[in-house]
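Notes for the one structure printed next.
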There are 2 protein chains.
Amino acid sequence: MAIGIKDVAQVAGVSPATVSRVLAGRPVDPAMSERVLAAVKSTGYRPNLAARRLRSQHSNTIGLVVADIGNPFFTAVSRAIESVAAARGLRVILCNTDEDPAKEAAYLELLHEERVTGVILAPSRQRVARGGRSELDYPVVLIDRAAPDAEFDCVLLDNARMAEVLVEHLYAQGHRRITGLFGAASTTGAERRDGFTRAAGRLGLTVETIAVPHTKDAAEQVIAQLLSRAERPDAVVASNGVMLVNVLRALRDLGLEVPRDIALAGFDNNDWMEFVGGGLSVIEQPVEEIGRTAMTMLLDRLENPDAAGRKVVLAGRLIPRGSSMRADIRCKTTGD
Amino acid sequence: MAIGIKDVAQVAGVSPATVSRVLAGRPVDPAMSERVLAAVKSTGYRPNLAARRLRSQHSNTIGLVVADIGNPFFTAVSRAIESVAAARGLRVILCNTDEDPAKEAAYLELLHEERVTGVILAPSRQRVARGGRSELDYPVVLIDRAAPDAEFDCVLLDNARMAEVLVEHLYAQGHRRITGLFGAASTTGAERRDGFTRAAGRLGLTVETIAVPHTKDAAEQVIAQLLSRAERPDAVVASNGVMLVNVLRALRDLGLEVPRDIALAGFDNNDWMEFVGGGLSVIEQPVEEIGRTAMTMLLDRLENPDAAGRKVVLAGRLIPRGSSMRADIRCKTTGD
DNA sequence: ATTCGCTTAGAAAACGTTTTCTGAGATGGG
DNA sequence: CCCATCTCAGAAAACGTTTTCTAAGCGAAT
């Protein structure tokens with residue numbers, strides 16, 4: 001019932017092959033080309049992508065697998081990826097794993113079934129979940145989190161360096177007792193912790209780092225315990241957005257305020273961060289560039305599949321906010 | 001090179017048709033079935049979705065077109081949609097239009113080329129952009145924003161009622177000079193404005209509503225002008241998240257604080273809203289239910305395509321926050 | 001002028017499945 | 001016991017494209 005390339009061919013009085021060639025931009029007689037285009041328009045013909053992909057053996061599609069679509073970092077990166085993909089005539093299939101390795105494996109399988117050209121992946125684990133297969137069937141570029149070995153191309157933030165910047169910033173603001181909260185599972189967390197301790201050592205600070213467990217309850221408990229200690233830190237660095245919100249919640253429950261009672265800094269800039277307390281200092285990731293770079297690496301990899309794995313490390317940018325800027329509105333509580 | 005159904009058939013010593021039947025769960029001899037399954041496992045066979053879709057003429061895929069993937073409301077709804085779709089064996093193609101009608105039309109075309117079973121759409125405009133076609137080729141369910149006519153099925157928040165609730169809440173908190181900011185273009189904005197004025201009328205308040213233009217600069221200007229008036233409102237209702245952030249920014253620039261100087265309320269709950277000032281009162285949408293309902297309506301529509309258009313209106317939930325809860329920490333500025 | 005490319009368009013094959021068709025064997029009823 | 005019916009598996013067709021193959025036409029070179 002639906003109209004196909006044969007119908008167009010008939011209307012234009014040419015062969016289906018010619019219609020295909022016109023649509024693909026291959027050289028055909030201008031007069032014919034015109035007739036074909038007119039026929040396409042008059043019939044409202046839309047090619048069947050399934051047929052096209054089956055025959056041509058390439059999907060012109062890449063997969064983008066992210067750990068959390070609700071995370072603004074990933075949405076921003078995926079926007080960037082999508083726009084450069086579109087410019088190259090590639091479609092993007094966006095998959096959300098919710099940090100679940102099983103879903104990740106399932107999506108990776110699905111993308112194979114779709115015969116995608118390649119995949120950009122923000123892995124939910126240190127090891128990429130393969131779903132029982134030993135080999136992935138397409139090139140993969142990792143973003144945000146690296147595989148421990150150099151198996152895959154990847155583009156990462158310079159986590160260690162940026163954590164150093166954060167510590168230096170807090171130091172400059174006058175803070176001396178700084179505690180760092182880092183994810184227990186991810187390479188990203190480990191790198192940031194390393195930078196954190198290195199900078200602290202250089203500045204002569206004795207700092208504390210805490211590996212925060214991934215489960216919600218345990219994380220809340222650890223944080224509440226930290227903040228209600230007698231010798232409470234005067235600044236906290238949170239390695240990711242979830243932790244940062246957890247800290248904020250714990251602070252509010254304890255009746256503490258940022259930046260009056262404690263400073264708080266972290267990674268990933270969100271538009272609301274300038275409004276809580278005196279503002280949160282954060283490291284902003286170059287999301288646009290991460291996306292562009294990942295896409296470029298993937299395209300390179302497609303061109304020569306056997307090149308050595310590459311690792312691109314990008315610098316972030318400190319967005320300084322907090323006590324020093326808003327000293328004018330610091331105040332004491334009236335009650336309690 | 002890649003292994004196909006014929007290879008599996010050969011390994012199992014059966015015909016391709018039999019392999020297909022086993023995989024589809026159709027009745028075959030148990031012994032054969034077992035051999036086939038073993039062959040599938042040993043060969044690592046993965047079906048080619050393009051071929052399957054081409055032959056079977058259904059994609060088992062629905063499209064989900066949202067206006068802003070960065071908006072937590074849409075990510076939450078899409079999660080819900082995806083989980084019920086997965087339970088029915090349907091894939092979801094997620095498309096982000098960035099509120100651009102041209103992109104919307106392009107995606108709607110693309111989804112047709114993919115031969116999707118149906119589409120769930122959060123339209124960027126009042127009229128659904130069809131990209132020049134007079135008819136869409138698949139059933140469509142609208143979410144979040146309605147088409148003005150009853151042309152499509154849709155599931156919506158009870159916007160007018162929820163706006164009333166917000167006004168009543170602010171009134172109960174003691175606010176009397178309330179200004180409402182509403183999107184100039186969307187039906188959603190109009191409905192919320194109607195509820196707003198209705199509730200205000202019932203309470204005997206003379207309120208002001210402002211239709212905020214869609215462009216960033218104009219919006220900022222309107223808001224700044226409103227807040228720096230001599231007779232500043234003591235409460236503001238923002239119809240959407242973007243406006244809400246704009247208001248917060250303007251307030252900060254003017255040195256005003258929530259809730260000390262002004263109350264602020266809006267729609268869509270975000271996890272950070274409890275931390276700014278004394279907290280923002282908002283209407284939380286039943287995202288889970290919206291997603292489920294939209295999906296159900298789409299499936300119903302597929303079963304009987306000629307039924308009358310349906311419109312489901314869901315209630316939201318007020319999350320009361322703000323001055324009354326945090327009166328204990330109100331304070332005066334020390335400097336300035 | 002004849003032959004050798006070279007270009008161009010139509011005919012037909014091919015892509016990897018599912019589904020229809022066909023035939024063989026089993027089953028049951030007359 | 002034979003024929004009709006039913007079940008099940010293999011053969012082959014079909015899905016809608018792209019691409020290869022083929023042939024025709026044309027220009028240039030010998």
Side-chain angles (χ1 to χ4, degrees), chain A residues 1-37 39-40 43-61 89 91 109-117 137, chain B residues 1-37 39-40 43-61 89 91 109-117 137:
Chain A
M1 212 73 308
I3 82 115
I5 203 173
K6 290 179 186 173
D7 306 297
V8 178
Q10 197 169 6
V11 170
V14 300
S15 74
T18 300
V19 177
S20 174
R21 287 191 261 256
V22 170
L23 264 29
R26 268 191 266 273
V28 297
D29 185 285
M32 279 191 154
S33 175
E34 201 171 322
R35 287 217 311 281
V36 168
L37 262 12
V40 166
T43 54
Y45 167 71
R46 296 272 83 194
N48 181 321
L49 288 184
R52 173 175 288 180
R53 292 204 263 251
L54 173 59
R55 173 61 234 221
S56 66
Q57 297 288 69
H58 48 73
S59 59
N60 280 338
T61 299
R91 286 222 336 101
E109 280 293 301
L110 179 67
L111 290 171
H112 172 210
E113 296 185 2
E114 294 273 8
R115 301 299 192 266
V116 292
T117 311
D137 317 79
Chain B
M1 209 75 309
I3 81 116
I5 203 173
K6 290 178 186 173
D7 305 296
V8 177
Q10 199 169 5
V11 169
V14 300
S15 74
T18 300
V19 176
S20 175
R21 285 191 263 254
V22 170
L23 263 31
R26 268 192 265 273
V28 297
D29 185 286
M32 279 188 153
S33 176
E34 202 171 320
R35 287 218 310 281
V36 168
L37 262 12
V40 166
T43 53
Y45 167 71
R46 295 274 84 194
N48 181 321
L49 287 185
R52 173 174 289 183
R53 292 203 263 253
L54 173 58
R55 172 61 232 217
S56 67
Q57 297 288 71
H58 47 73
S59 59
N60 279 338
T61 299
R91 286 221 337 99
E109 281 293 303
L110 179 67
L111 290 172
H112 173 208
E113 295 185 3
E114 294 273 8
R115 302 298 194 267
V116 292
T117 311
D137 317 79

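Protein atom CG of A/Asp29 is 12 Å distant from nucleotide atom P of D/dC26, rounded to whole Å. One atom, CZ of A/Arg46, and another, C1' of D/dG16, lie 15 Å apart when rounded to the nearest Å. To the nearest angstrom, P of C/dT17 lies 10 Å from CD of A/Glu113. Atom CD in A/Glu114 sits about 16 Å away from atom P in C/dG16, given to the nearest Å. The interatomic distance linking B/Leu54 (CG) with C/dA14 (P) rounds to 17 Å, in whole Å. A/Lys6 places its NZ atom 12 Å from the C1' atom of C/dA13, with the value rounded to the nearest Å. The CZ atom of B/Arg115 sits 11 Å away from the C1' atom of D/dT17 (whole-angstrom rounding). Rounded to whole angstrom, the span from the CG atom of A/Leu49 across to the P atom of D/dC15 amounts to 19 Å.
In this structure, CG in A/Leu49 is found 6.5 Å from CG in B/Leu110, a value given to the nearest 0.5 Å. Note: B/Arg46 CZ to A/Glu114 CD = 12.5 Å, rounded to the nearest 0.5 Å. Rounded to the nearest 0.5 angstrom, A/Gln10 CD and A/Thr43 OG1 are separated by 11.5 Å.
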Per-nucleotide protein contact along nucleotides 18-24 of chain D, 5' to 3', at a 4.0 Å heavy-atom cut-off (B base, S sugar-phosphate only, - neither), is BBB----
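Counting only heavy atoms from C-beta outward, the side chains of B/Val40 and B/Leu23 approach each other to under 4.5 Å. Annotation: side chain of B/Thr117 is in contact with side chain of B/Ser59 (closest heavy-atom distance under 4.5 Å). Counting heavy atoms from C-beta on, the side chains of B/Thr61 and B/Leu111 never come closer than 4.5 Å.
Residue B/Gln57 places none of its side-chain N or O atoms closer than 4.0 Å to OP1 or OP2 of C/dT17.
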